[in-house]
Amino acid sequence: TLRIELAKLQDAMGDASAAIETLRSVLEENRGRTDAVVALSDLLEKGGKDEELAELLAGQIEAAKERSDAAAELALQVRLGEVYETRLKDAGKALATFEAVLERDETHHGALEAVARLAEGRSIWDRAASALERLVAGESEPSSGVALALRLANAKDKLADTAGVESALGAALRFESGNVEVRDRLRALYEKNQQWSELAAFLAEDATLLEAQGDGAHAAMVKLLRRAADIHVKQRSVPGDAVTVLERAAKLAPNDRELLLALCDAYTAAGREKDAADVLERIIASFGGKRSKELALYHHRLGRV
């Protein structure tokens, strides 16, 4: 205790080297003397003696292991990792140190963040993805969750893990369903991989998100629903699914003859001729008794149905 007080006086008098040696003499006799460790680490850090600081922390980690002090061991490992990363600029040793923390506590938030950051910086994408997956799973704040999920999607993309990218983007949408950047990326992914069922459902969901904007969004919603219907008919050859989407679009634009004709075609392809006839009669009625070549075409279609 007296030597620790002496070291404080030596430091106050400007003799840091003497203070360091005094504290080392304490730790040679009692490695677990916490106040001496703290005082010595402060002096080493203040003096820029980073290698010696790392050696001190490594020795204290071993001492904590010997006395089965898991909490102290983890705290010291985190501190050592920070020294390697920020002071010694040794990303390799920092990464290994933080991963050692995770071997003891796989949910340690600070260590997970450090491993993700360091692994990304060194393009070690499998280790980055592993840490980011655990961070995403434990996150509750929307904006942070989206940022983490996008980083995870990037790591999965570097690993050529398409399913992993999709899963990560889906996780981002669970944090913020209307995020434009995420929705654009996921929509493009579905189209690139020809995941037609998923793309059609996603477009219908896009339309649902626009509902909050009111009547002014109807044109954009109809466009999205028409595209979803086209996918059901052309890419999936499932006209029955197109019917549901087009019925929804027709409620938004009840006087759009082109849209109603597309609905009629979907009904016919799905074997629902009675519904197709009803739609054609609605189209014919919309002319209000006026005669035109276009009207004759609709009569002809109705006669065929």
Can you list every side-chain hydrogen bond (donor to acceptor under 3.5 Å, both in side chains) pair that touches residues 11-28, not counting sequence neighbours?
Arg3-Ser25, Gln10-Thr22, Asp11-Lys46, Arg24-Glu52
Qualifying residue, where the test is side chain to side chain contact (heavy atoms under 4.5 Å, CB included) with Leu40 and the options are Val26, Asp35, Ile4, Leu27
Leu27
When Val83, Asp50, Leu53 are each screened for side chain to side chain contact (heavy atoms under 4.5 Å, CB included) with Leu44, the one that passes is Leu53
Electrostatic pair Arg272:Glu247 at N-O distance under 4.0 angstrom:
yes
So does Glu82 get a backbone contact from the side chain of Thr86, meaning a donor-acceptor N/O pair under 3.5 Å?
yes
So, the side chain of Glu176 versus the backbone of Gly178: is there a donor-acceptor pair under 3.5 Å, distance only?
no
Answer yes if the side chains of Arg79 and Thr97 hold a donor-acceptor pair under 3.5 Å, and no otherwise.
no
Testing the 3.5 Å rule here: is there a donor-acceptor pair between the side chains of Gln60 and Glu73?
no
Which distance, rounded to the nearest 0.5 Å, do you find between the OG1 of Thr208 and the CE of Met221?
6.5 Å
Here the pair of heavy atoms bringing Ala91 nearest to Arg122 is CB-CD, 3.9 Å
Go through Tyr267 and Lys274 one step at a time and tell me if the side-chain contact (heavy atoms from CB on, under 4.5 Å) criterion holds.
CA-CA 8 Å; Tyr267 277 139; Lys274 177 64 171 65; over 6 Å; no
Stepwise, does the side-chain contact (heavy atoms from CB on, under 4.5 Å) test hold for Leu225 with Leu203?
CA-CA 7 Å; Leu225 294 170; Leu203 291 167; over 6 Å; no
